[in-house]
Enquirer: 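This is the structure, below, for whatever I ask next.
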Amino acid sequence: MQPSDAQPKSDEQLLAALLDGMEAGLCALDRDGVITHWNAEAARILGWSSDDAVGRHGFEGWAARSADAKEAERRLLAVMDAPGRQVNEFALLTKDGRRVLVRTQSAAVAGEDGKPTGVYCAFSEVHAQIDLERSIALSEALFSDATWGVVLIDADLRPAVANARAGQMLGTGRDALLGRPLGELLSLGAEELENALQHVLAEGAPPGVSDLWVRPRADEAARRRCWRSGFVRLGSPLGEEPVPLGVGWLFSDVTRQKNAEQENAQVRFRHQQLHRAARAAAECEDPVDAAVLHLDFALAGFADHALLDVLDDAGRPVRLAATPEGEPGQPGPCQAVEPHGIPLGYPTGHPVLQALERLGTVRATLVAPGGGEPASQARVDAWAAARLWRPGTTHGLATVLRSRGRTVGAVTFLRGSGRRPFEPADAAYAEDVAARVAAALDLAGMGGPAGSREDGGLGGPAGGSGGDGEPGGLTGGSGGGEPPVA
């Protein structure tokens, strides 16, 4: 049998352990203002031990200046006559004489008869309390008013908390994305994001931000987006060693900025290529070599293949130079073909014939039926073969060669399925290249009957969309402006 006083003694030990383990200073006063309890945190903050504090009447003469002590005692004991808790700020003194501003929460202690018998007061330094309140305020602001997307990812790499901006950018509700695998939220970029999160959990946050290209599954038809992302590893402050609770992911959409940077870099590179081509062509004795050299420089970063056609005396296109057939992206230099004088059998509506007719630029793209899955390789090759283009071609751009008001021929640039369709900016660049190639061919005396002229010019009538002889083909024409695509 245990002694009858074992349980009360155990309760007292538990209460003492709880009081000393609190992260806030705690003191208790009886109804007369005599201090009855003083825990370890209170001793740490002020330097006064429990033996120094317990039994003293109020704080005057030791833990507070006389001018402050009476007011502090009055406000603390007034809690016994008021409902609930009260928050106050007092200036107290440490044992070494420093003045410390503390924030207190105090409430009455009721006896067995329900009447107040004293007051307990929990306190901490004001600056520590302010830091906590700032942290809470920051968290609330991030998850309500932040213009960045904020998502807390748990250790299983699933969203645990998200703000409204993140839900909007991911194309789903703020609550709908919680607990879902990232692969269900992103059709592009999920693997890169998971790799980044795993690195942060294992190694900590990277020193800088990362630009991730993603596409939310909620908007599969949209272009990919660039999200500038920062990561913070979240650890529990309660353990002796930080325990990873997850990762804080902050991101914003910088797609427009990245596209502008890429476009500017592309413009600079293409301008440099035109400059280099002009310098190199000036050293060519044969104007045809200069024309072919312009195409070689133009292919870099622009197209997989180039085809150069000139008009014979009857005004029919004849192949003058072309890149050799081979893997897209590795075609080799553009080379002149053996002259045979046989006109090319372009079918009616071919982009080259449309470009010659419209005196402008025509783009053509193989489109999958219904805009669904990409076309099969057999269909791609059949589409390209019908236009006398290289196998594997899915995008073509044909532009007319004009010099001194005369049509000299046409040049065609081809891209494979791994590249994007030609855009209006690509058409403008192709026209710049074509102007230089046409001048070189005109200097060589090529391009149709001598002295022939056509009405119009580069500013001639612009063609609209037109079929190029194959369902699924997409073409557009251009005069002096942007080539429309139907």
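From a predicted model like this one, the values you see are computed outputs, not experimental measurements.
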Enquirer: Between Phe422 and Phe413, does the ring centre distance come in under 6.0 Å?
Expert: no
Enquirer: Are Arg379 and Leu366 close enough that some pair of their side-chain heavy atoms sits under 4.5 Å apart?
Expert: yes
Enquirer: Which pairs would a plain distance check flag for residues 115-123, meaning a side-chain donor or acceptor within less than 3.5 Å of a matching protein atom at least two apart in sequence or in another chain?
Expert:
| unit_1 | atom_1 | unit_2 | atom_2 | d |
| --- | --- | --- | --- | --- |
| Thr117 | OG1 | Val109 | O | 3.2 |

Enquirer: Would you call Glu71-Arg74 a salt bridge at under 4.0 Å N-O?
Expert: yes
Enquirer: Under the side-chain hydrogen bond (donor to acceptor under 3.5 Å, both in side chains) definition, can you give me all pairs with a residue in residues 146-159, not counting sequence neighbours?
Expert: none
Enquirer: Hey, is Arg217 close enough to Glu184 for a salt bridge, meaning N to O under 4.0 Å?
Expert: no
Enquirer: Would you mind checking if Asp426 and Arg415 are paired as a salt bridge, meaning a charged N to carboxylate O distance below 4.0 Å?
Expert: yes
Enquirer: Side-chain atoms of residues 197-213: list all donor-acceptor pairs with protein atoms under 3.5 Å, sequence neighbours left out, distances to 0.1 Å.
Expert:
| unit_1 | atom_1 | unit_2 | atom_2 | d |
| --- | --- | --- | --- | --- |
| Asp211 | OD1 | Arg228 | NE | 2.8 |
| Asp211 | OD2 | Arg228 | NH2 | 3.2 |
| Asp211 | OD2 | Lys258 | NZ | 3.4 |

Enquirer: Is the ring pair Trp227/Trp249 parallel, tilted or perpendicular, if the boundaries are 30 and 60 degrees?
Expert: tilted
Enquirer: Hey, is Asp381 close enough to Arg390 for a salt bridge, meaning N to O under 4.0 Å?
Expert: no
Enquirer: What orientation do Trp48 and Trp62 show, parallel under 30°, tilted 30 to 60°, or perpendicular over 60°?
Expert: perpendicular
Enquirer: Give a yes or no answer on whether the side chain of Asp304 reaches the backbone of Gly416 with a donor-acceptor pair at less than 3.5 Å.
Expert: yes
Enquirer: Have a look at Phe59 and tell me which of Leu46, Leu93, Leu76, Asp68 forms a side-chain contact (heavy atoms from CB on, under 4.5 Å) with it.
Expert: Leu76
